[in-house]
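Notes for the one structure printed next.
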Amino acid sequence: MAQGAAPTYGATHQALPLPIGHQSASKQKQKQKQKQKRPFDAVALRVKKVATLGTLTYVAKTSVASVPAVILGTLLNILDGVSYGMIIFPAAGVFAGLGGMGVSMFFVSAFIAQLVYTFGGSSFAGANGSMMIEVVPFFHIIAATIAQEVGEDRPAEVIATTLVAFALSSILTGLAFFLLGALKLGALIGFFPRHILVGCIGGVGAFLIETGLAVSIGMSDDDFAYDLTTLRIFFRPANLALWVPAAVLAVVLRVITHKYHHQLIFPIYFLVIPVVFYIVVAAARLDIPTLRATGWLFDLGDSADEKWYEFYSYFDIGLVQMGAIWATIPTQLALLFFNILHPPLNVPALAVSLNEDVDTNKELVAHGYSNLIAGALGTVPNYLVYVNTLLFYRVGGTTRIAGFLLAMSTALLLFIGTGPIAYIPIMVVGALIFVLGFDLVIEALWDTRHRVSRSEYLTIASIVVVMTIWDFVVGVLFGIVISCFFFVVQNSQRRSVRSIHTGDTAMSAVRRPGAHRAYLREVSRQTMILRLQGFLFFGTITHVEETIRGIVEDAAWHTHPIRFLVVDLSAVAGVDMSSAEAFVRLQRLLVAKNVIFVFCGFTVDSAVGRALQSVGLLEQESVELFLTYNDAMEWTENAYLRAWFKNQKAETSSAVVLPGRQDNDIDFHNSFVGSPRRSQLQDVGVRTMGSASRADMKSFMAADDTSEPYNTLVRAFSSYGDIGRDKIRPLIPYLERMSVPEGLVLFNQNDEADGLYLIESGVLRASYKFAEHTPRIEESMVPGALAGELSALAGLPRNATVAVERQAVLWKLSTESMQRLENENPEMSRIFIQLVLKAAKMDYDILLSALATRQ
């Protein structure tokens with residue numbers, strides 16, 4: 001500070017000595033800020049507490065509201081676990097007494113699935129997971145195969161190997177689901193034939209009915225057979241008393257549910273049965289051990305006191321026989337095939353029933369995780385259960401809290417153990433198995449009787465029979481084979497030949513002189529067009545081959561010989577090797593008859609083109625390929641015209657100008673001397689193009705410039721009346737000669753019409769676009785044709801875009817000249833308009849015919 005300057009307040013304040021206990025200014029500011037924050041911290045804390053209390057209140061209320069759904073879901077799990085967990089293993093031999101272990105494995109798998117779906121795996125908040133109960137038949141086959149491979153005299157090895165095989169099925173199923181979901185391929189399963197799956201479901205239903213009968217009387221699967229001995233066993237009085245009540249209970253339940261549809265009927269019904277059973281037992285003072293000995297209650301033996309986790313004690317890697325595991329692979333693949341068909345079908349159906357939008361691929365990934373975890377924990381496959389989830393939702397289980405509570409109740413059942421199963425009446429389990437068995441058989445054989453074709457129904461019934469009498473794996477393979485067989489038969493009966501006609505009924509969209517058209521309309525009868533459709537394979541090509549042979553052989557050939565066979569494959573999706581080789585055989589036949597094989601409707605690099613190229617067909621000299629039908633017909637018509645002009649000893653290049661490909665110089669003269677086909681060309685040519693005077697004929701071929709535009713007028717109108725030089729001469733002064741280069745656009749579509757054009761030389765190309773989403777229609781115009789005539793006469797905008805495809809000389813009659821002609825020479829104007837309209841009608845008839853070929 002400078003001397004003599006007054007000190008500032010701040011400086012004086014800082015210079016004063018601080019009293020004891022006084023804080024610095026910075027500390028005071030910090031404390032003040034903390035005091036300012038405290039109210040906000042308190043508010044935030046109170047909000048947090050309120051939010052926590054609100055969350056806890058919401059959880060409590062939702063949990064209470066979910067109790068009915070959790071009770072129902074638990075009851076369904078109990079019923080399914082007891083019914084189907086008890087039959088995971090066969091009931092006899094090495095596996096006798098393992099029913100309790102099967103129940104534990106059921107609940108472990110259900111618990112895993114429930115947790116995965118509840119914690120975000122599934123988009124369904126109340127999804128119910130459970131073991132795949134339909135795969136029990138495959139488990140029995142796997143167990144029987146391992147017992148046979150290892151030998152029943154080594155029970156520890158058989159059981160250990162079987163448990164590993166069951167876990168392997170879960171891992172394979174999980175991998176398949178995960179890959180399908182991760183690769184977004186869930187929709188592909190929907191393309192699998194539905195009736196094969198329905199047949200497999202019917203086969204499972206038949207197996208469950210067998211199992212219900214066997215469980216009810218204590219018979220093992222190995223003893224069950226379709227013979228009189230087994231039939232007599234079931235009709236013994238003691239056995240009748242065991243299985244008939246179970247079957248009757250199942251039928252009564254379905255009668256009740258057919259009339260009443262409340263979701264609680266099913267669980268209450270099966271809760272009442274044990275109550276009634278023990279009331280009868282108490283009233284009759286029956287002995288529990290006696291009931292268990294006579295087959296009314298389950299006899300679990302020593303396993304009744306086992307804990308749920310004791311099934312892990314049977315896992316011993318040293319006892320697992322890999323050879324036996326390998327022997328089960330065919331069954332594992334069949335089981336996998338059956339497993340992966342369920343979720344992609346059930347998930348969309350459940351989404352529709354619950355009116356929710358879900359991603360099938362996400363559900364498949366969740367199934368992958370749940371099954372991989374199940375396999376890693378040594379238990380059986382699981383999936384999202386359609387019926388249980390639907391009932392769970394209807395009772396109020398629409399939240400993940402409800403799903404979590406169901407998982408906890410399932411865990412509680414698991415911890416309780418299998419001891420209570422010993423007091424469940426066998427008829428309850430038998431009735432449950434019968435119910436599902438009846439439902440599946442009815443779904444497969446009764447509900448489909450009017451919904452599928454005869455061949456599909458026969459496939460379904462055949463799969464059910466083969467699965468029931470022989471084997472599940474054989475049944476699945478048989479279903480695939482018979483489905484392929486019927487597919488071939490059905491498609492073989494379909495018409496691969498869409499139409500067959502001659503070239504005079506569908507000519508190319510080329511505007512030609514009237515004499516040319518008249519000539520082509522007759523000689524094009526020597527062109528046969530065969531339009532094919534669908535997929536050409538060994539089942540459909542036979543009819544095509546027979547049709548073509550019928551055209552070029554025997555009586556048909558003598559009455560109607562042909563020069564060209566045009567095969568239109570634009571509506572063909574593909575060609576297999578058998579069909580391609582059939583075309584090779586036909587090509588050899590056509591070569592012997594001097595018939596040109598013309599293909600159209602595809603490119604060389606397309607699927608059809610590659611198939612025909614693979615057998616070398618398209619490389620043959622007598623085979624031609626065009627992109628469109630119009631190009632093919634244009635080429636054949638040009639060949640007929642060239643043949644006629646060459647026959648008149650004229651140079652082809654100067655005799656006639658033709659559009660399209662210029663490599664169709666086919667020597668009909670040398671190839672068909674004296675043949676009926678050449679005779680027809682000669683006769684038709686003389687009648688149509690040779691009837692004019694020699695001077696007119698010269699004007700057709702190569703007119704001198706000094707005789708123009710008379711020669712062009714003769715070309716254009718000689719077919720529609722007398723076009724004498726003196727009669728048409730008054731029109732000539734009104735025509736204006738134009739020489740136009742290649743590529744020039746004469747006019748565009750929707751332009752105002754400024755006149756019409758007569759083509760002296762060169763080629764024009766018209767392009768029609770009738771609607772936004774329709775393809776363009778192309779039309780060629782050769783010397784002697786008219787362009788822009790209708791729009792010019794009507795005074796309307798152009799209906800096409802016309803460009804010069806090949807350098808041309810045109811004669812233009814402008815709208816002003818037409819008006820002047822009408823005023824100065826009305827008679828000549830009237831004659832000219834009539835000639836133009838006649839030519840236009842013929843041109844548009846040809847164009848409409850070309851359009852019809854696209855249909």
Side-chain angles (χ1 to χ4, degrees), residues 80-81 84-90 95 98 101-113 116 129-150 157-181 189 197 200-201 203-204 207 211 221 311-312 314-315 317 320-344 364 366-385 467 471-477:
D80 290 342
Y84 307 111
M86 288 292 296
I87 60 173
I88 288 179
F89 296 96
F95 305 100
L98 297 183
M101 186 166 69
V103 173
S104 297
M105 295 175 67
F106 177 99
F107 283 122
V108 170
S109 184
F111 175 71
I112 293 169
V116 171
S130 180
M131 167 195 153
M132 287 188 180
I133 58 179
E134 295 89 351
V135 299
V136 170
F138 296 97
F139 287 160
H140 285 210
I141 297 172
I142 291 173
T145 301
I146 292 174
Q148 184 178 359
E149 290 287 327
V150 177
E157 296 180 11
V158 171
I159 295 174
T161 306
T162 302
L163 289 174
V164 171
F166 287 179
L168 177 63
S169 70
S170 297
I171 293 174
L172 293 176
T173 301
L175 286 174
F177 282 145
F178 184 82
L179 290 176
L180 286 173
I189 305 300
L197 176 59
C200 294
I201 290 173
V204 172
F207 168 82
T211 304
D221 291 342
F311 76 89
Y312 286 111
Y314 291 90
F315 280 94
I317 300 302
V320 175
Q321 301 297 312
M322 297 307 299
I325 294 288
W326 182 255
T328 66
I329 292 299
T331 306
Q332 295 274 17
L333 295 177
L335 183 149
L336 176 63
F337 159 79
F338 193 71
N339 282 352
I340 63 176
L341 292 177
H342 282 76
L364 289 174
H367 280 73
Y369 282 126
S370 65
N371 280 276
L372 286 172
I373 296 172
L377 295 179
T379 189
V380 290
N382 53 62
Y383 70 152
L384 187 150
V385 187
M467 281 187 166
D471 184 78
F472 263 70
V473 179
V474 175
V476 172
L477 296 177

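FYI, side chains are in, hydrogens and waters are out, and symmetry mates aren't considered; it's all heavy atoms of this structure.
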Report the residues that fulfil side chain to side chain contact (heavy atoms under 4.5 Å, CB included) with Ile171, sequence neighbours left out, ordered by chain and then residue number. Leu175, Leu372
Sequence-distant partners of Phe177, ring pair (Phe, Tyr, Trp, His ring centres under 6.0 Å), two or more places apart: His367
Rounded distance (nearest 0.5 Å) linking atom CD1 of Ile88 with atom CE of Met105: 5.5 Å
Distance-only polar pair, side chains of Asn371 and Thr173, donor-acceptor under 3.5 Å: no
Supply the atom-to-atom distance Ile146 CD1 to Leu163 CG, rounded to the nearest 0.5 angstrom. 9.0 Å
Using the side-chain hydrogen bond (donor to acceptor under 3.5 Å, both in side chains) criterion, which residues pair with Gln321? Sequence neighbours excluded. Glu157
Walk me through whether Met131 and Val136 qualify under side chain to side chain contact (heavy atoms under 4.5 Å, CB included). CA-CA 10 Å; Met131 167 195 153; Val136 170; 3.9 Å; yes
Sequence neighbours left out, what passes side chain to side chain contact (heavy atoms under 4.5 Å, CB included) with Ala167? Give chain and number order. none
Name all residues meeting the side chain to side chain contact (heavy atoms under 4.5 Å, CB included) criterion together with Leu179; count only those two or more places apart in sequence or in a different chain, and write none if there are none. none
For Ser169 against Leu335, the heavy-atom pair lying closest together: CB-CD2, 4.0 Å
Could I get the full list of side-chain hydrogen bond (donor to acceptor under 3.5 Å, both in side chains) partners for Thr162, not counting sequence neighbours? none
Please find the pair of heavy atoms, one from Ala324 and one from Val150, that lie closest to each other, and give the distance. CB-CG2, 3.8 Å
What distance do Ile159 atom CD1 and Met101 atom CE have between them, rounded to the nearest 0.5 Å? 6.0 Å
Taking only residues two or more places apart in sequence or in another chain, which ones pass ring pair (Phe, Tyr, Trp, His ring centres under 6.0 Å) with Phe311? none
The criterion is ring pair (Phe, Tyr, Trp, His ring centres under 6.0 Å); which residues satisfy it with Tyr314, sequence neighbours excluded? none
First locate atom OG1 of Thr379, then atom CD1 of Ile373, and finally report the distance between them rounded to the nearest 0.5 Å. 12.5 Å
Ignoring hydrogens, what is the shortest heavy-atom contact between Gln332 and Ala165? Give both atom names and the distance. NE2-O, 3.0 Å
What's the shortest heavy-atom distance between Gly378 and Phe315, and which atoms? O-CZ, 3.4 Å
Rounded to the nearest 0.5 Å, what's the gap from CG on Leu336 to CD1 on Ile329? Could you check? 10.5 Å
Is Phe138 close to Met132 at the side-chain level, that is, under 4.5 Å between some pair of heavy atoms? no
Those residues at least two apart in sequence (or on a different chain) that pass ring pair (Phe, Tyr, Trp, His ring centres under 6.0 Å) with Phe139 are Phe166
So OG of Ser370 and CG of Asn382: to nearest 0.5 Å the spacing works out to 4.0 Å
Which pair of non-hydrogen atoms, one from Pro381 and one from Ser170, has the smallest distance, and what is that distance? N-OG, 2.9 Å
Check the pair Tyr312, Leu377 against side chain to side chain contact (heavy atoms under 4.5 Å, CB included), reporting the backbone distance first and the verdict last. CA-CA 9 Å; Tyr312 286 111; Leu377 295 179; 3.8 Å; yes
Who passes side chain to side chain contact (heavy atoms under 4.5 Å, CB included) against Val385, sequence neighbours left out? Ser130, Tyr383, Asn388
